[in-house]
Amino acid sequence: MPLVELKDITKVYGTLIANDKVSLELNKGEILAVVGENGAGKSTLMKIMYGLEQPTSGDIYVNGEKQRFHDPLDAIGKGIGMVQQHFMLIEQFTVAENIVYSKEPRKGMFFDRTAAIRITEELCEKYGLYIDPREKVKNCPVGLQQRIEILKVLYQEAEILIFDEPSAVLTPQETNQLLDTIRTLAGMGKSIILITHKLNEVFAVADRVVVMRHGQVVGNMPIKETNFDELSFLMVGRQLTNTVIPEVEKGAVCLEVNDLHVTGAGSKEAVDGLSMHVDRGEIVGIAGVSGNGQSELIRAITGLLPAESGSVKINGIEVTNLPPRDIRDSGLSCIPEDRYLWGCAREATLEETCIMYLHNKEPLSTGGWLHKKKIHSFVSETLEDFDVRYTSVFQKMGELSGGNAQKVVLAREVMQHSPFLIAAEPTRGLDIGAIEYVHHALLEKKKAGDCVLLVSSELSEVMSLSDRIYVMYDGRIAGEFTRENAVEESLGLLMMGGKLNEA
Amino acid sequence: MKRKDTGRLAALLNTVSLPVIATILGLLLGALIMFLSGHDPLKVYSVMFDKSFINVNYLNQTLTKATPVIMCGISGAVAWRAGHINLGIEGQMVCGGITAIIIGLYMPGPAFLVTLCACVGACAAGALYALIPTFLQDKSHVSLIMVTLMMNYIANYLSTYLVSFPLKDTSSVNANQTMFIDDSLKFTRLFSNGQLSTGFILSVLTVIAVYLVMNYTSFGYESKMSGFNPNFAKYGGVRERRVMYLTMALSGAIAGFAGFVEVFGTKYRYSSNMIASSGYAWTGLMASLVGQYNPFAILFYSIFFSGLTIGGQALQRDFGIPLQIADIITSSIMLFVSINIGIHLFRAGKKQRSEKKEETGNKTPAKEAA
Amino acid sequence: MTSAYLISIINSILRMTTPILFATLGCLLCNKVNVFNIALEGQMLIAAFAAISVNYYTHSILLSMLAGVAAGGIVGFIVGVFQVKLKAKDMIVGTSMNLLVSSFTSYMLYVLFATRGSLTGNGMVGLHKIPNFPESMPVLYGMFKNLTYLDVFGYIAAVLIFIFLYRTVPGFHVMSVGLNKEATRSLGTKVDMTQILAVTMSGILCGLGGVALCMGNVVIFTEGMSAGRGYMAMAASSLAGAHPLGAILSSLFFGTAVASSIALQSYINGQITLSFPYIMTILIMAVSGYIKYRRENRHHIRKGKMK
């Protein structure tokens, strides 16, 4: 009898079917990988299993008994724990305090912190996951924070551990340690579900793999009976159309970065002596596990984060540490990595969103006065051109779907016709249709003789679009490839901090 | 083109309906309180509205009262919509008023020049007084809210000191107030009876001017976007600190201007506590919030709330109902508006959440948002 | 300055601190659950009014206190529900609540007592005074003269709140709500309820502050008698880093500011000295804000260099 069984789970959000009669079973001591593209319905399924969402129909069985989880506490009660992608930690508290939360050791009515530390130490010992219980969580690196999450779940006496995209935020070493941990836990009899879209992890640890696409299970097999190609074919559902890359004559240097140093959020030198260049007529990709300084690099180029030293030149103009507007004036536009943080305001209308930066340029304004009519027709045309689905230019950005909002941001930046475009994670969280649209727009930009710096943690995206690829690791360029000599294995190795053998 | 117009209309209807519902609820609450204190709400309201909006003499008073309220509301809207919570409008108005009376009383020269100087001086004083908290926020990250609030008290006490001692009209024994300004400086009255002066026209002009600045200039656009999402503004090339100082200076200048108009247009002198006790700034702020920062809505609500106050004074005379009933109604309208806005945001929040689900768990290009 | 004068100033500081201390404690509870409550001012004022009204009719200290505490608590509860459940914007709720309370108390003052401005006399009773040192010890006697039980209880309340927050399990949960609402919710704590309870509690504490204000030394209600103390409490709480024991010190500072503004009236014009507490509030906030900002940045730089 399987330990957990999901039977015909269907989840409908409005008109969207996120899960369509999904069935799946998990045996004791097994590591089950659930793979699929963004939007395939993996996360929804796991949220249902963990009680964060209620299924529209279908049942959950644990140890053969039918269950109904109203909230995570019910699921925890049945031994199901989840290590979430976004850590649910209270950073200002210590490790021990976080681990014992909601099941605190008490002395009368008081919180027995000494016992909490002892409990944590025992837990660390038992599972071989060591960490200082007295340290504040905010002082722990991401890998250790994930370890705290795991210990927290183990302290709740979970028998079934769900890992939701656990390696998304980890460095390669941390990922390896995590995979070791997962193996150890399975060896101790815990059952594990690993949600991921990274197939190398699947082959590293999983016993069995379930492939999801468009909300349905399209494959379920022991790992030994399948291979990389089959899984990727199942995930995408078709051979990826080979994007036709237009041949464009390479032009002059457009972006030149020299020995750039940027301090990130307090803790470290996020960009550490980085040099690179982007020429006209090419798309240059930056590949790397997110958190290796890409975000700081972009913000330093666009003027949102001060550079400690080094220089950034755009079209031969020195722009290091200039205000964002001046940098844009020298010929830069940028699709930011987080569209709601930097790219727009939810309360702003489509029209207001579209004219940002252009609002004090001819022909939309003269001498500080906005030309409403010109703005109106410009915005309508732009939105039509970029196939944004909207009802009114006075609609608020927050009312658009993620894909449409991204298209608005993309439209605005492309319509500036600047020679240099930064596209940071331009397809994050989008569905396949929208992704293809974005890719198409970037290639068009190249065709026009402009250049694009594409920063993405999706290796496949970088490889399919770029003429040249930099691999970024720990704030530095770990390697440079051309389209011709880019091999996934070598890129992957460099992304994880490895070294290529000198041949 | 057609569909875009309906979109704007729908948005407008949405903005209008919230405060209207809140207003009805506020009036109902007022009726309840009157009923509980033993009065017939219908009768009271009919007198209240008659002696504020319908009867011409009272309408004159209402509009006189509304003159500074409108400008305070505009001042608040300028700052708040840009994300700068300026609660110091009262203090800024006091500064403007005091500056105006000093120039009005002591500057020699032709009336036109004195008036102009008083106007410019008052605006400058209000702007400077608003820039102090802005500077503190910029340099040492002190809450603008707290500092602007505290500065109301300071302005009030210091102005009271000024009119009680150095500027005091020694001929009045009981009251602490200055002398009257010269007749040539006083604003022209619009009607033979009633205090309504050209100041009202100035405040309507302020409304129009600010409407134009806010909607038709890149400064207005930049300050609005900074209010929505400062990161977005910065990323898009807005010089956000410059916009912050300019916005606060403009807000303070309008408040100072209100002080000038009050002195030169209505009171002709400065008596202690005259601005704080009348609550112009707070009524204006409420009009601004209820009108959701739209200058014309602020004009409307300023007149409406001022009318309630004037009507409230009549109630005090006719029924012995304390005039604070007007403030109770006004502030509860604002309270109701706050929930309405809340429900509004709540809906938006729900949408965002469902959208998030969509992004993680959706398979079709989403088009449910519309 | 004679020593007797100094002693009387210390006595005045102790009395002036109490209402601010209670409000500061209320404010820090709101800080701990990350609710920006600007309605402290209104919570104090309504409590003072309710206490005096009940005092007027019943001449009972206990009932008056209960009424004050209940009134403050109710306003706090409303503010909490509006902000937490109905997602109303904190600034709008707080500002309108303060204005509503201020007009409502003036309205009721006339309706109930047919008077304007203030209400006093009619045999209303003040809070019980603590037993004092004998007059043979003039220094201590002078310092603790006319202090009420509430003046002492303020400090006890601060210690109790400290123990609750930093030593007990529920206090641990309360603090976690403010630090990371999402995480706390996912761990099963009733976040909304905790926030509303904390704001209600702030109303109750401000209620005690309001009672101390109107039934302490002189038994009187005056329109708008909270006079910005609620706002000062917000400054005091932020100065104390929202720590209950720190709140004692910062409240004493603001108590000193208020007391000295009264004491200095014999030397400088009263209207000017009355503005001192507010000027001092701004100055202390600016200085502490500047230091905090510098320190945080230096921390970043130092850590950066270590790497």
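Throughout, protein chains are lettered first and strands after them, A, B, ... in sequence-line order, and every chain is numbered starting at 1. Predicted model only: the values in this text are computed from it and were never measured.
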Please rank A:Asp329, A:Leu341, A:Thr302, A:Asn360 by heavy-atom pairs under 4.5 Å with chain B and give me the top one.
A:Leu341

Heavy-atom pair count under 4.5 Å with chain A, highest-scoring of B:Val213, B:Asn229, B:Thr217:
B:Thr217

Below 4.5 Å from any heavy atom of chain B, which atoms of A:Arg299 appear? Answer side chain, backbone, both or neither.
neither

Find the one option among B:Lys224, B:Met225, B:Arg239 whose heavy-atom pairs under 4.5 Å with chain A are most numerous.
B:Arg239

So, does A:His359 use its side chain to make a donor-acceptor pair with the main chain of A:Tyr357 at under 3.5 Å?
yes

Under 30°, 30 to 60°, or over 60°: which ring-plane class applies to B:Tyr301 and B:Phe304, parallel, tilted or perpendicular?
perpendicular

Without hydrogens or angle criteria, can the side chains of B:Asn86 and B:Ser251 be said to hold a donor-acceptor pair below 3.5 Å?
yes

Using side-chain heavy atoms (C-beta onward) and a distance below 4.5 Å, is A:Ile195 in contact with A:Ile162?
yes

Interface residue of largest heavy-atom contact number with chain B, from A:Leu364, A:Ile327, A:Ile355, under 4.5 Å:
A:Ile355

Based on non-hydrogen pairs under 4.5 Å, which of A:Gly367, A:Pro336, A:Ser377, A:Ser365 is most in contact with chain B?
A:Pro336

Measure A:Leu358 against the heavy atoms of chain B and call it side chain, backbone, both or neither at under 4.5 Å.
neither

Modelled atom types, side-chain donor and acceptor of A:Asp164 and A:Gln84, under 3.5 Å
no

Among A:Arg325, A:Arg412, A:His371, which residue has the highest count of heavy-atom pairs closer than 4.5 Å to chain B?
A:Arg325

Validation row: B:Phe336, B:Thr23 side chains within 4.5 angstrom (heavy atoms)
no

Quick one: what part of A:Ser333 sits under 4.5 Å from any heavy atom of chain B, side chain, backbone, both or neither?
neither

Note, B:Phe228 side chain near A:Lys396 side chain (heavy atom, < 4.5 Å):
no

